[in-house]
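First up is the structure itself, then whatever we jot down about it.
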Amino acid sequence: MTLDRPVQSGIFLAGLLVLAALDMVFAPGPLTQALLLAPAVALLGLPHGALDLPMARVLWPLTGAADHMLFYGAYIGIAGAVAALWWLAPGLALIAFLAYSALHFSGDWEMDGLLLRIAGGLSVIGAPALFHVTDVVSIFSVLSHGVWAEPIAYAIAVAGLIGASLGLIALLQMSRHAREALLELVGIWIGAAILPPLLYFIAYFCLLHSLRHMRDTLQALPERKAALRAAAGIMVVSLLGASIALGLFLHVDGVDLESSVLRVVFIGLAALTVPHMLLVERFRHRRLSA
Ligand SMILES: CC1=C(/C=C/C(C)=C/C=C/C(C)=C/C=C/C=C(C)/C=C/C=C(C)/C=C/C2=C(C)CCCC2(C)C)C(C)(C)CCC1
Ligand SMILES: [Fe+2]
């Protein structure tokens, strides 16, 4: 299966339709949404990061156990430093998370030129806050323990507006790239408008970002079967880590289930994103200059 661009856009749009139908029929509350988010991210989102190990093996000659230990240590060390920032300065950590996420997600439109790249990155993060600011503020409050949740949500709504304006400018230029990106950007804006933020995030992150990244990375890796085997091992370790973190929040901290799930998912992703981004950008450069 080649999973070309029209297929990728189609999977995303079909996912949005399914989630919209689910939302209309069952109207899941915040706890159910969080309980849908966790397995979706675990099954469809985490694997794209699990390919970081095979990617690193292409970037550096990780031959023996010592090289691997060094890589794991650096990866977990960086992720741990980000998690510590959430502990020490949750408001700052949330701002940084949203900023570097917009940058990372903009890579999904890398092939469409700078204007659409910025439009995509800002729209993904800002669109839900523009339509559902109260829901976004309450999720941010859980993540940042209430610190700056409201101004941050309003700030990303403004970023979303800028993203939409840049997208419109790009569309008016009517380039081939703009036409290809059009369906995805329209999907993002309609999805963010009609779906609760967490369901919208499942559709974008699991069905567009993660699938596109996995397809591009697997195509660029020399040995796909070995890469998938390595990624499977990493998945097992990551899921074990996430379960331990969830248990700690629930039993040691006594936080309720919904808040615990939101923290494990988003703070976990925030921590993994920094080493993930560093690797992805390096790999991208290598691919482009090859
Ligand atoms: C290799 C390795 C590993 C693993 C790793 C992994 C597995 C990774 C992953 C990674 C990943 C997987 C990443 C991801 C990312 C994500 C992101 C970046 C996200 C973001 C998000 C956001 C930003 C959101 C926002 C919001 C909210 C929160 C609410 C609603 C609304 C909105 C949507 C706006 C380990 C550690 C084991 C070891 C060492 C080595
Ligand atoms: Fe990613």
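Order of listing sets the numbers, starting from 1, for every ligand and every atom in it. When reading the values below, keep in mind they use all heavy atoms of this one structure, side chains included, and skip hydrogens, waters and symmetry mates.
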Contact partition for Tyr100 relative to ligand 1, non-hydrogen atoms under 4.0 Å: neither

For Leu98, which part has a heavy atom under 4.0 Å from ligand 1: side chain, backbone, both, or neither?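 Answer for Leu98: side chain.
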
Distance-minimising heavy-atom pair for Tyr200 and Ala192: CD1-N, 3.5 Å

Contacts of type salt bridge (charged side-chain N to carboxylate O under 4.0 Å, His left out), residue Arg212, not counting sequence neighbours: Glu184

Please name all residues satisfying salt bridge (charged side-chain N to carboxylate O under 4.0 Å, His left out) with Asp112, sequence neighbours left out, ordered by chain then number. Arg5

May I ask you to decide if [Y]'s main-chain N or O and [X]'s side chain share a donor-acceptor pair within less than 3.5 Å?
X      : Y      : value
Ser210 : Leu44  : yes
Ser138 : Asp135 : yes
His132 : Leu195 : yes

Specify whether Tyr204 and Trp109 have parallel, tilted or perpendicular ring planes, treating 30° as the upper limit for parallel and 60° as the lower limit for perpendicular.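 Parallel.
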
Would you please classify the geometry between the His68 ring and the Tyr72 ring as parallel, tilted or perpendicular, with 30° and 60° separating the classes? tilted

Please compare Phe266, Phe105, Phe71, Tyr200 and report which has the shortest non-hydrogen distance to atom 19 (C) of ligand 1. Phe105

Would you indicate which of Tyr75, Phe97, Tyr204 comes nearest to atom 20 (C) of ligand 1 when only heavy atoms are counted? Phe97

Output, by chain and residue number, all protein N/O/S atoms separated from the Fe ion (ligand 2) by less than 2.8 Å.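 Per the 2.8 Å query on the Fe ion (ligand 2), atoms found are His48 NE2, His104 NE2, His209 NE2, His276 NE2.
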
Output the list of atoms in ligand 1 that are nearer than 4.0 Å to some heavy atom of [X], sorted by atom number.
X      : result
Gly45  : 12 (C)
Ile125 : 23 (C), 34 (C)
Tyr72  : 39 (C), 40 (C)

Say whether Phe205 and ligand 1 are in contact under the criterion: heavy-atom distance to a ligand atom below 4.0 Å. yes

Side-chain heavy atoms under 4.5 Å apart, restricted to Ile/Leu/Val/Met/Phe/Trp/Tyr: what other residues fall into the cluster of Val252, or is it alone? Ile244, Leu248

Looking only at protein heavy atoms, identify the closest one to atom 15 (C) of ligand 1 and say how far it is in Å.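 Checking every protein heavy atom, the shortest distance to atom 15 (C) of ligand 1 gives Thr273 OG1, 3.0 Å.
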
For atom OH of Tyr154, is the number of surrounding heavy atoms from other residues, nucleotides or ligands below 6.0 Å larger than 12? no

